[in-house]
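A quick write-up on the structure given underneath.
Order of the sequence lines fixes the chain letters, A, B, ..., with proteins taken first and strands second; residue numbering starts at 1 for each chain. Just so we're clear, the structure is a prediction, and the values are computed from it rather than from any experiment.
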Protein chains: 2
Amino acid sequence: MSDNLNFVKKLRISGLRPTKQRIKICEILFGGKDTFHFSINELSKIISQKTNEKISLATIYNTVHAFLSKGYIKQIAVNSEQNYYDTNTTDHHHFYDEDKNQLIDIHDNEVEPVKINRKIPGKKIKSIEVLVKVQNN
Amino acid sequence: MSDNLNFVKKLRISGLRPTKQRIKICEILFGGKDTFHFSINELSKIISQKTNEKISLATIYNTVHAFLSKGYIKQIAVNSEQNYYDTNTTDHHHFYDEDKNQLIDIHDNEVEPVKINRKIPGKKIKSIEVLVKVQNN
DNA sequence: TAATACTTTAGAATAGTTATAATCTACGCA
DNA sequence: TGCGTAGATTATAACTATTCTAAAGTATTA
Ligand SMILES: [Mn+2]
Ligand SMILES: [Mn+2]
Ligand SMILES: [Zn+2]
Ligand SMILES: [Zn+2]
């Protein structure tokens with residue numbers, strides 16, 4: 001709960017007013033020990049489980065987008081069914097479990113750096129993402 | 001146009017009846033010299049440009065899904081805005097030009113093989129995909 | 001040619017997401 | 001400490017990609 005002060009700071013620093021809703025979403029996203037992956041749908045369910053008051057879907061979308069543009073979370077492209085987000089904003093790759101519909105972090109020591117021996121004229125690389133799809137044996 | 005016989009064969013082999021619509025879509029997808037990337041939307045536009053008769057959206061979706069499940073095309077995850085498909089079904093990676101919203105093939109000689117030093121128990125790797133997002137300098 | 005299974009189609013339904021516009025709130029300033 | 005205002009929240013409508021439905025059409029095989 002003293003985390004809340006940090007969240008307020010975090011929001012203020014990036015020019016976002018520390019509202020009740022945003023602080024609650026901060027608690028859920030950044031208050032745990034571990035980072036995690038979520039869809040808007042999943043986040044919405046977590047919120048309604050852990051909270052008495054309801055946060056409207058529009059606010060959840062707005063907040064996730066705000067956090068995304070501030071770099072507090074990352075977006076992960078898996079498929080077009082649903083957007084996935086990641087509270088781990090470091091550069092890292094993923095397994096995607098097609099049976100559980102679940103993202104799993106691949107740590108840097110678990111994968112060789114990807115080397116691209118080609119440049120696109122006039123373009124700079126913004127990100128390199130590896131997605132390893134896995135399924136049951 | 002003698003390609004059409006091949007397309008009929010191709011469809012027959014996989015248990016799909018060679019209908020007028022499917023053959024037309026085959027022509028567009030597999031009749032050119034080069035492979036290419038497309039969204040359903042783009043394919044739909046190409047069809048209406050190159051064809052007098054119209055093919056309904058439902059049929060385009062059905063056919064793309066059928067071809068996908070037969071392995072005639074691949075699906076590429078870029079973002080959740082829209083699904084992308086690829087008539088190049090070989091294993092290969094992609095640049096994604098965020099300004100032009102366009103996929104560009106990375107050839108095997110342009111990237112070192114990606115080595116994953118970790119296994120998920122009970123799971124087998126289905127695919128390894130690298131997506132390099134680029135934007136204007 | 002007839003029976004049948006498969007296919008196409010228009011349009012309805014669904015689902016994720018974004019826009020709207022009214023209400024509410026945070027916060028700098030009087 | 002209370003006001004004014006910019007910014008935030010919300011319910012709901014709108015939008016769009018995709019899937020479903022069910023009726024009409026077509027390929028296939030006997
Ligand atoms: Mn979407
Ligand atoms: Mn979709
Ligand atoms: Zn991650
Ligand atoms: Zn490709």
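Between the side chain of K74(B) and the backbone N or O of T90(B) there is at least one donor-acceptor pair closer than 3.5 Å.
The side chain of S56(A) places no N or O atom within less than 4.0 Å of a non-bridging phosphate oxygen (OP1 or OP2) of dT9(D). A close approach under 4.0 Å does occur between a side-chain nitrogen or oxygen of Q21(A) and OP1 or OP2 of dT10(D). Under 4.0 angstrom from either OP1 or OP2 of dT18(D) there lies at least one side-chain N or O belonging to N83(B).
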Evaluate the ring pair (Phe, Tyr, Trp, His ring centres under 6.0 Å) criterion for residues H37(B) and H94(B): first the C-alpha distance (whole Å), next the side-chain angles of each, then the deciding distance (0.1 Å), finally the verdict.
CA-CA 11 Å; H37(B) 308 97; H94(B) 293 94; 4.9 Å; yes
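Atom NZ of K10(B) is separated from atom CG of N6(B) by 9.0 Å, given to the nearest 0.5 angstrom.
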Every protein N/O lying under 3.5 Å from an N/O of nucleotides 19-21 of chain D:
{"from": "dT19(D)", "atom 1": "OP2", "to": "H65(B)", "atom 2": "NE2", "distance (Å)": "3.4"}

Please list, pair by pair, any protein nitrogen or oxygen found under 3.5 Å from a nitrogen or oxygen in nucleotides 24-28 of chain C.
{"from": "dA26(C)", "atom 1": "N3", "to": "R17(A)", "atom 2": "NH1", "distance (Å)": "3.3"}
{"from": "dC27(C)", "atom 1": "OP1", "to": "R12(A)", "atom 2": "NE", "distance (Å)": "3.3"}
{"from": "dC27(C)", "atom 1": "OP1", "to": "R12(A)", "atom 2": "NH2", "distance (Å)": "2.7"}
{"from": "dC27(C)", "atom 1": "OP2", "to": "R12(A)", "atom 2": "NH2", "distance (Å)": "3.1"}

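Shown here is N117(B), whose CG atom has more than 12 heavy atoms of other residues, nucleotides or ligands within 6.0 Å.
Rounding to whole angstrom units, CG of residue N62(B) and C1' of dA22(D) are separated by 14 Å.
Taking every heavy atom of residues 38-48 of chain B and every atom of DNA chain C, no pair lies under 4.0 Å.
By the 30° and 60° cut-offs, the orientation of the rings of F30(A) relative to Y72(A) is perpendicular.
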